[in-house]
Amino acid sequence: MMMNLRSDFYVTTPIYYVNDNPHIGHAYTTILADVLARYHRWQGQDVFFLTGLDEHGQKVQQAAQGRGLCEQSHCDELAASFVSLWQKLDIQNDDFIRTTQKRHIKAVQKALRKIDEGGDVYSSEYEGWYSVAEERFITQTEKESGQFREIKRFKERNYFFKMSKYQQRLIDYINTHPGFIQPEYRRNEVLGFLRQPLGDLCISRPKARMGWGIEIPFDKDYVTYVWFDALINYLTAAGYSEDEEKLRNWWPASVHLIGKDILTTHAVYWPTMLFALELPLPKTIFAHGWWLIGETKMSKSLGNVIDPLSLIDQYGVDPVRYYLMREMVLGQDAHFTLESFIKRYNSDLANDFGNLLNRVSGLIGKYFNGSVPLEGTRGTPEEEIRTTANNLVQKIQDLINAMRVHEAIEEILQLVRQVNKYLEVQAPWKVAKTNLVRAGTILYTSTEALRISAVLLSPVMPGRTHTVLDILGATGTAPLWGKLKAGIKLKSHEALFPRVET
RNA sequence: CGCGGGGUGGAGCAGUCUGGUAGCUCGUCAGGCUCAUAACCUGAAGGUCGCAAGUUCAAAUCUUGCCCCCGCAACCA
């Protein structure tokens, strides 16, 4: 990974289009960004985590009209629903950009002027098939698909960005920067795409047809088209229009998280735009897969289609964050089912992690009056646990830097399982009857390993891990072996993750 | 032959680059333990590693051919 050449970390989600309410896809990307941001903060880096909304365009205009609202009111309402979801999901973003904000309008117009002055913009008549029903141009293939109504031959003057000019430069860049587009097979897809001659990008819409957008600074009859508007947001928030100092600090972004559907726009349009703007390219563009809800027909007939977000109210936000992060395999699609959620919840969180807390706190309560015992002399089994825990810290950092979140989580759970096994073998409930000092060593070791697991899991489950650390009297401590203080009275508690009976 | 990814015990994945007893989680069965959220621990059953041929002392791993699944293929968030 070549992501961390600097000590700071700028992570973005796509800006979400406000023609509909937020769904699991939005939630997933944003949680992933939040988890990465928290891990990097925890590593001591300065972090800038950006998310936001794309509020311009025809579909927003239509959605607003359909609800009998003006565009801005419609956007404000949906913005509120996104913000409240982020609160519910424990998202700690540093900025929330909306493309209707003044700073963004300034940034887009500045960028348009810049590429125009650079000679990369021209105006031209575009002729093609136009679907009146869809209110957009369609391709020949789409026309032949028969899925579009009221098709007309249509001619329109528009502004174009000379994207084709940068094709070879982009190919060279991708070839010399292996980590730029991830996962690797997405990079190959982009390179495959770039084997065809690249066209130029239409970046305008006449106001007469679509007025809800940012006016083009050199032609008052036009607004800029969605993608040109949207992509610039990553620059706006980094200070492009109003703070050169800030821009130098944060640009280029460390990682743009995106869904696989918007790979081309981010891996082709955006880099060529940045070339034209004479700005460096983001270090990494990472495309993840999609959540499929159940198994289509099967789950429908079983009546199992549920809104994943509704699980938050029932099970809490941490298990939902955990499930989404653990279940999605790098870059691939994942299946969301209630069954797999409960399985994951019970086996990992209730049986392994939560139950370990109950075991150690119960034993310490019984044999040490609730106070953390002295570590004493470590034997071979204790050194094994300690070594695993110490090595785990570095391993987790490496996995996170490599964007392998689900593997990082699995590694932490391996430690938890190892400690459960260790307890079984050492049986402190037997040892305590003859050798209390030795029992103390066993329990200190187990508790300390649990504490380190909780610290390492905290970016994924900030709430419940904080509860664990609070019970152990160890909030804010580092994942270094020995930070757990002997003599601390454990707080009483309920089951951390009550088992879900099925 | 458009480009690319993949096919590993019932399920989901790792291992393939750097050939050499096929690993993890869940599930199933049997036992153990009893501190714990009927949790935990141990053991077992279960795989011709898509098919075929080749290279090699040795192939899931390298080569070739074939079959099947999936993604991408431009202005559509």
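Order of the sequence lines fixes the chain letters, A, B, ..., with proteins taken first and strands second; residue numbering starts at 1 for each chain.
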**Message:** Is it the case that the base of B/A77 and the side chain of A/H56 share a donor-acceptor contact (distance under 3.5 Å, atom types as modelled)?
**Reply:** no
**Message:** What's the gap between B/U55 and B/C62 when it is taken at their C1' atoms, as a whole Å value?
**Reply:** 8 Å
**Request:** Determine: side-chain N/O of A/N420 to OP1/OP2 of B/C41, distance under 4.0 Å, yes or no.
**Result:** no
**Message:** Could you check whether A/E411 pairs with A/R404 (Lys NZ or Arg NE/NH1/NH2 to Asp/Glu carboxylate O, under 4.0 Å)?
**Reply:** no
**Item:** B/U64 versus B/U28 - spacing of their P atoms, nearest Å
**Value:** 44 Å
Output a table of nitrogen or oxygen pairs between the protein and nucleotides 4-15 of chain B separated by less than 3.5 Å.
residue : atom : partner : partner atom : Å
B/C13   : OP1  : A/Q332  : OE1          : 3.4

**Prompt:** Any idea which of B/A74, B/A77, B/C35 is nearest the A/L198 side chain?
**Reply:** B/A74
**Message:** Within a 6.0 Å radius of atom NZ on A/K165, are there more than 12 heavy atoms belonging to other residues, nucleotides or ligands?
**Reply:** yes
**Request:** Scan A/A350 against the nucleic acid and name what it touches under 4.0 Å (heavy atoms): base, sugar-phosphate only, or nothing.
**Result:** base
**Asked** Distance between the P atoms of B/G23 and B/U48, in whole angstroms?
**Response** 15 Å
**Item:** Assigned partner base of B/G46, Watson-Crick or wobble definition, under 3.5 Å
**Value:** none
**Prompt:** Partner of B/G27 by Watson-Crick or G-U wobble geometry, both contacts under 3.5 Å, or none?
**Reply:** none
**Message:** Counting only heavy atoms not in A/Q72 (residues, nucleotides, ligands), do more than 12 fall under 6.0 Å from its CD?
**Reply:** yes
**Atom C1', compared across B/G43 and B/C33: separation rounded to whole Å** = 14 Å
**Item:** Position toward the 5' end of RNA chain B (nearest nucleotide), A/L423 or A/P14
**Value:** A/L423
**Message:** With rounding to the closest Å, how many angstrom separate the P atoms on B/U25 and B/C76?
**Reply:** 49 Å
**Message:** Measure CG/A/L263 against P/B/C75 and give the value in whole Å, please.
**Reply:** 15 Å
**Prompt:** Between B/A74, B/C35, B/C26, which nucleotide gets closest to the side-chain atoms of A/Y269?
**Reply:** B/A74
**Asked** When you measure from the side chain of A/Q167 to the backbone N and O of A/L198, does any donor-acceptor pair fall under 3.5 Å?
**Response** yes
**Prompt:** Is A/L357 touching bases, backbone alone, or none of the nucleic acid, heavy atoms closer than 4.0 Å?
**Reply:** nothing
**Message:** For the C1' atoms, the ones on B/C51 and on B/A11, what distance do you get once it is rounded to whole angstrom?
**Reply:** 24 Å
**Item:** Given RNA chain B, 5'-ward residue of the pair A/V425 and A/E410, judged by closest heavy atom
**Value:** A/E410
**Item:** Base-pairing mate for B/G20 - Watson-Crick or G-U, with both contacts under 3.5 Å
**Value:** B/C57
**Prompt:** When we call it a touch if two heavy atoms are under 4.0 Å apart, what does A/D348 touch: a base, just sugar-phosphate, or nothing?
**Reply:** nothing
**Length of the CD-P vector between A/E411 and B/C24, whole Å** = 13 Å
**Message:** Using whole Å, what does the distance between atom C1' of nucleotide B/C40 and atom CZ of A/F353 come to?
**Reply:** 16 Å
**Request:** Before accepting this row, confirm whether a basic side-chain N of the pair A/E407/A/K395 lies closer than 4.0 Å to the acidic partner's carboxylate O.
**Result:** no
**Fill in**
Of A/I488, A/N369, A/T447, A/L472, the one forming a side chain to side chain contact (heavy atoms under 4.5 Å, CB included) with A/I364 is A/T447
**Inter-residue atom distance A/F228.CZ - A/I214.CD1, 0.5 Å rounding** = 10.0 Å
**Request:** Taking atom C1' in both B/C17 and B/G12, compute the distance separating them and give it to the nearest angstrom.
**Result:** 24 Å
**Prompt:** Expressed as a whole number of Å, how far does the P atom of B/C13 sit from that of B/U8?
**Reply:** 9 Å
**Asked** Across all strands, who's sitting opposite B/A52 as a Watson-Crick or G-U wobble pair, both distances under 3.5 Å?
**Response** B/U64
**Message:** Measuring from the side chain of A/A495 (C-beta onward, heavy atoms only), which nucleotide among B/C75, B/U37, B/C35 has the closest atom?
**Reply:** B/U37
**Request:** Look at the side chain of A/T264 and decide which nucleotide, out of B/U37, B/A73, B/C33, has an atom nearest to it.
**Result:** B/A73
**Request:** Evaluate the criterion side-chain contact (heavy atoms from CB on, under 4.5 Å) for residue pair A/I15 and A/T99; output intermediate values, then yes/no.
**Result:** CA-CA 9 Å; A/I15 49 173; A/T99 55; 3.5 Å; yes
**Request:** Could you check how far CG of A/N351 sits from C1' of B/U25, rounded to whole Å?
**Result:** 13 Å
**Item:** Interatomic distance where CG belongs to A/L191 and C1' belongs to B/G71 [whole Å]
**Value:** 16 Å
**Request:** Check every atom of B/C24, B/A77, B/C35 against the side chain of A/Q414 and return the nucleotide holding the closest atom.
**Result:** B/C24
**Prompt:** For B/C35, does either OP1 or OP2 sit under 4.0 Å from a side-chain N or O belonging to A/K430?
**Reply:** no
**Prompt:** Nearest to the side chain of A/N355, which nucleotide is it out of B/U34, B/G32, B/U37?
**Reply:** B/U37
**Asked** Looking at the side chain of A/R205, which of B/A36, B/A77, B/C76 is the nearest nucleotide?
**Response** B/C76
**Asked** Is it the case that more than 12 heavy atoms not belonging to A/E125 sit under 6.0 Å from its CD atom?
**Response** yes
**Asked** Roughly how many Å is it from OH in A/Y159 to C1' in B/C75, rounded to a whole number?
**Response** 19 Å
**Message:** Between C1' on B/G43 and NZ on A/K421, what's the gap in Å once rounded to a whole number?
**Reply:** 12 Å
**Message:** Any side-chain to backbone donor/acceptor pair from A/H104 onto A/D229? Under 3.5 Å, distance only.
**Reply:** yes
**Residue matched to B/C72 through Watson-Crick or wobble contacts both under 3.5 angstrom** = B/G2
**Complete:** When rounded to whole Å, the CG to P distance for the pair A/L363 and B/U34 reads 13 Å
